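Down below is the structure, laid out as structure tokens.
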Amino acid sequence: QVQLVESGGGLVQTGDSMKLSCAASGGTFSSYVMGWFRQAPGKEREFVAAISRSGGNIRYADSVKGRFTISRDNAKNTVYLQMNSLKPEDTAVYYCAADPAITIATMRWSDEYDYWGQGTQVTVSS
């Protein structure tokens with residue numbers, strides 16, 4: 001069973017950049033599809049980005065495409081989310097998620113992920 005710990009959140013201004021990290025332990029990291037999701041106050045959790053086991057397949061939400069980049073380092077058991085040109089609407093708690101059985105077709109679906117981190121707050125001021 002894998003444990004996930006996010007880091008890198010904080011308060012930034014509109015247009016700034018931020019990089020989130022999610023460190024995994026207790027499992028074979030390279031066997032997990034990794035995803036980033038976010039939840040803003042009063043809203044449902046939404047998909048942000050996902051990356052396949054080898055990193056060869058990546059998916060983004062339309063709202064972050066061209067601004068965010070997901071990557072993984074299987075040697076360091078870590079997945080990253082580089083966020084550029086941040087907007088106030090990006091403000092949310094960002095969660096890292098993992099699952100060994102997800103297919104490329106279901107990478108966007110939060111219900112498919114069995115393992116979740118505790119979340120890290122990202123606040124973008126206007």
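None of the values given here were measured: they were computed from a predicted structure. Just so you know, residue 1 is the first one in the sequence shown, and it goes up from there.
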Report the hydrophobic cluster partners of W109, with the cluster defined as I, L, V, M, F, W, Y residues connected by side-chain heavy atoms closer than 4.5 angstrom, directly or transitively.
none
Taking only residues two or more places apart in sequence or in another chain, which ones pass side chain to side chain donor-acceptor pair (under 3.5 Å) with D90?
R38, R67
Straight-line distance of E112 CD to T106 OG1, nearest 0.5 Å
4.5 Å
P100 and Y115 have their tightest heavy-atom pair at CD-CE1, 4.3 Å
Report yes if the side chains of V124 and D16 come closer than 4.5 Å at any heavy-atom pair, otherwise no.
no
For A50 and Y113, work out which heavy atoms get closest and say how close.
CB-OH, 3.6 Å
Are V48 and L81 side-chain neighbours, meaning at least one heavy-atom pair lies under 4.5 Å?
yes
Those residues that, when tested against Q13, pass side chain to side chain donor-acceptor pair (under 3.5 Å) (two or more places apart)
none
Do W116 and I51 sit in the same hydrophobic cluster, where Ile, Leu, Val, Met, Phe, Trp and Tyr count as joined when their side-chain heavy atoms come under 4.5 Å apart?
no
For S126, which residues count as a side chain to side chain contact (heavy atoms under 4.5 Å, CB included) partner, sequence neighbours excluded?
T14, P88
Contacts of R72 that satisfy salt bridge (Lys or Arg N to Asp or Glu O under 4.0 Å) - sequence neighbours left out:
none
Sorted by chain and residue number, the side chain to side chain donor-acceptor pair (under 3.5 Å) partners of T123 (sequence neighbours excluded) come out as Q121
For A101, enumerate each residue passing the side chain to side chain contact (heavy atoms under 4.5 Å, CB included) test, keeping only those at least two apart in sequence or located in another chain.
D99
Tell me the side-chain hydrogen bond (donor to acceptor under 3.5 Å, both in side chains) pairs involving residues 18-30, sequence neighbours left out?
none
Counterpart residues, side chain to side chain donor-acceptor pair (under 3.5 Å), relative to Y95 (two or more places apart):
none
Measure across N77 and F29 and return the closest heavy-atom pair with its distance rounded to 0.1 Å.
OD1-CB, 3.3 Å
When you compare the side chain of V64 with that of M83, does any pair of heavy atoms fall below 4.5 Å?
no
Output all residues satisfying salt bridge (Lys or Arg N to Asp or Glu O under 4.0 Å) with D62, sequence neighbours left out; order by chain, then residue number.
K65
Specify the closest pair of heavy atoms between G56 and S52, including all atoms of both residues, with the distance to one decimal.
N-OG, 3.2 Å
Grab the two heavy atoms, one from R53 and one from V33, that are nearest each other, plus how far apart they are.
NH1-CG2, 3.4 Å
Shortest non-hydrogen contact from L20 toward V122
CD2-CG2, 4.0 Å
For a 4.5 angstrom cut-off between non-hydrogen side-chain atoms, does T69 reach Y80?
no
Between T78 and K76 (side chain of the first, backbone of the second, donor and acceptor by atom type, cut-off under 3.5 Å), is there such a pair?
yes
With a 3.5 Å cut-off and no angle check, do the side chains of S17 and N84 form a donor-acceptor pair?
yes
For residues 39-61, the ring pair (Phe, Tyr, Trp, His ring centres under 6.0 Å) pairs (sequence neighbours left out) are F37-F47
Y32 with M107, same ILVMFWY side-chain cluster at under 4.5 Å
no
Would you give me the side-chain donor-acceptor pairs under 3.5 Å for residues 1-9, sequence neighbours excluded?
from	atom 1	to	atom 2	distance (Å)
Q3	NE2	Q1	O	3.2
E6	OE1	Q118	N	3.0
E6	OE1	Q118	NE2	3.4
E6	OE1	G119	N	2.9
E6	OE2	C96	N	2.7
E6	OE2	G119	N	3.2

